[in-house]
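Before any comments, here is the structure.
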Amino acid sequence: DESDTLDTLNLNAGTGNVTLTTGGTVLDGDADADVQASTLTAVINGAFGAAATADDAIDTSVTHLNVDTSSANGSQWIDESDTLDTLNLDAGTGNVTLTTGGTVLDGDADADVQATTLTAVINGAFGAAATADDAIDTSVTHLNVDTSMADSSQWIDESDTLDILNLNAGTGNVTLTTGGTVLDGE
């Protein structure tokens with residue numbers, strides 16, 4: 001537990017897990033891996049990363065990613081080096097920017113991303129088609145997902161209305177289910 005803001009981060013648990021709780025924002029301004037572990041569980045009372053440059057994102061090398069910044073509606077900027085087997089990102093009314101070097105999976109019906117805006121650039125598939133629970137479950141207002149780098153498909157289950165929609169799968173397919181209306185003024 002850290003009671004305040006962290007200006008740099010370098011946590012390496014190998015195949016172990018990392019649990020991080022802070023009373024303020026977590027920053028790191030280099031391109032080095034900031035968290036290496038099997039599972040990262042972070043509860044942050046502020047933002048997780050920053051948007052100034054690509055190096056300001058929190059660089060992870062994990063299999064299971066859980067970040068909660070909802071208590072302060074803090075935005076999240078995460079750069080994952082590889083594939084994610086489970087995902088749980090809650091930014092409240094903040095935004096989530098996620099970049100991965102591989103596929104993003106999640107096999108449960110729980111919300112995987114809660115935010116105002118999700119912007120994801122994925123070098124692989126986003127979700128899977130095996131069962132309805134294998135889709136990435138979102139609760140966002142603006143949805144931007146790009147899997148075109150790998151020409152990979154997307155399976156997304158949005159809980160309600162989307163005001164902005166931008167999905168690019170290249171030659172892959174998109175399967176989108178929503179609990180409300182899809183609006184886009186573009």
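Just so it is clear, the values below take in all heavy atoms, side chains as well, and ignore hydrogens, waters and symmetry mates. Note that the numbering runs from 1 along the sequence shown for the chain. Predicted model only: the values in this text are computed from it and were never measured.
- The side-chain heavy atoms of Val140 and Thr117, taken from C-beta on, include no pair separated by under 4.5 Å.
- Residues Val174 and Val145 share a single hydrophobic cluster, defined by chaining ILVMFWY side chains whose heavy atoms lie under 4.5 Å apart.
- Of all non-hydrogen atoms in Ser139 and Ser159, the two that sit nearest each other are OG-OG, 3.3 Å.
- A distance of 7.5 Å separates CG of Asn166 from CG of Asp146, quoted to the nearest 0.5 Å.
- When the side chain to side chain contact (heavy atoms under 4.5 Å, CB included) test is applied to Ser70, the partners found at least two apart in sequence or on another chain are Asp68, Asp90.
- Side-chain contact between Thr19 and Asn17 is absent, with no heavy-atom pair separated by less than 4.5 Å.
- When side chains are defined from C-beta on, Ile78 counts as touching Leu89, because their heavy atoms get closer than 4.5 Å.
- Taking both residues in full, the closest heavy atoms of Ala129 and Trp155 are given as CB-NE1, 3.2 Å, listed atom of the first, atom of the second, then distance.
- The minimum heavy-atom distance linking Gly74 with Ala91 is given by the pair O-CB, 3.4 Å.
- Side-chain contact check for Val35 versus Leu20: every heavy-atom pair is 4.5 Å or farther apart.
- Taken to the nearest 0.5 Å, the CG atom of Asp112 stands 10.0 Å off from the CG atom of Asn66.
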Open item on the list: Checking Asn45 against Ser71 for the side-chain hydrogen bond (donor to acceptor under 3.5 Å, both in side chains) test, could you report, in this order, the C-alpha distance in whole Å, the side-chain angles of both residues, the deciding distance, and whether it holds?
Closed with: CA-CA 6 Å; Asn45 190 20; Ser71 66; 3.2 Å; yes
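- A distance of 5.0 Å separates NE2 of His142 from CG of Asp163, quoted to the nearest 0.5 Å.
- Between the CD atom of Gln114 and the CG atom of Asn88 there is a distance of 7.0 Å, given to the nearest 0.5 Å.
- Side chains of Thr83 and Thr100 form no contact here, defined as non-hydrogen atoms less than 4.5 Å apart.
- Linking ILVMFWY residues whenever their side-chain heavy atoms come closer than 4.5 Å, directly or via other members, leaves Trp77 and Leu11 in distinct clusters.
- Applying the side chain to side chain donor-acceptor pair (under 3.5 Å) definition to pairs two or more places apart or across chains, those involving residues 51-60 are Thr53-Asp56, Thr60-Glu80.
- The heavy-atom pair separating Ala72 from Gly46 by the smallest distance is CB-N, 3.6 Å.
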Expected list for residues 23-30: side-chain donor-acceptor pairs under 3.5 angstrom, two or more places apart:
from, atom 1, to, atom 2, distance (Å)
Thr25, OG1, Ala47, N, 3.2
Asp28, OD1, Asp30, N, 3.4
Asp28, OD2, Leu9, N, 2.7
Asp30, OD1, Asp32, N, 3.1

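- Under a hydrophobic clustering in which Ile, Leu, Val, Met, Phe, Trp and Tyr are joined whenever their side-chain heavy atoms come within less than 4.5 Å, directly or via other members, Ile58 and Val43 fall into different clusters.
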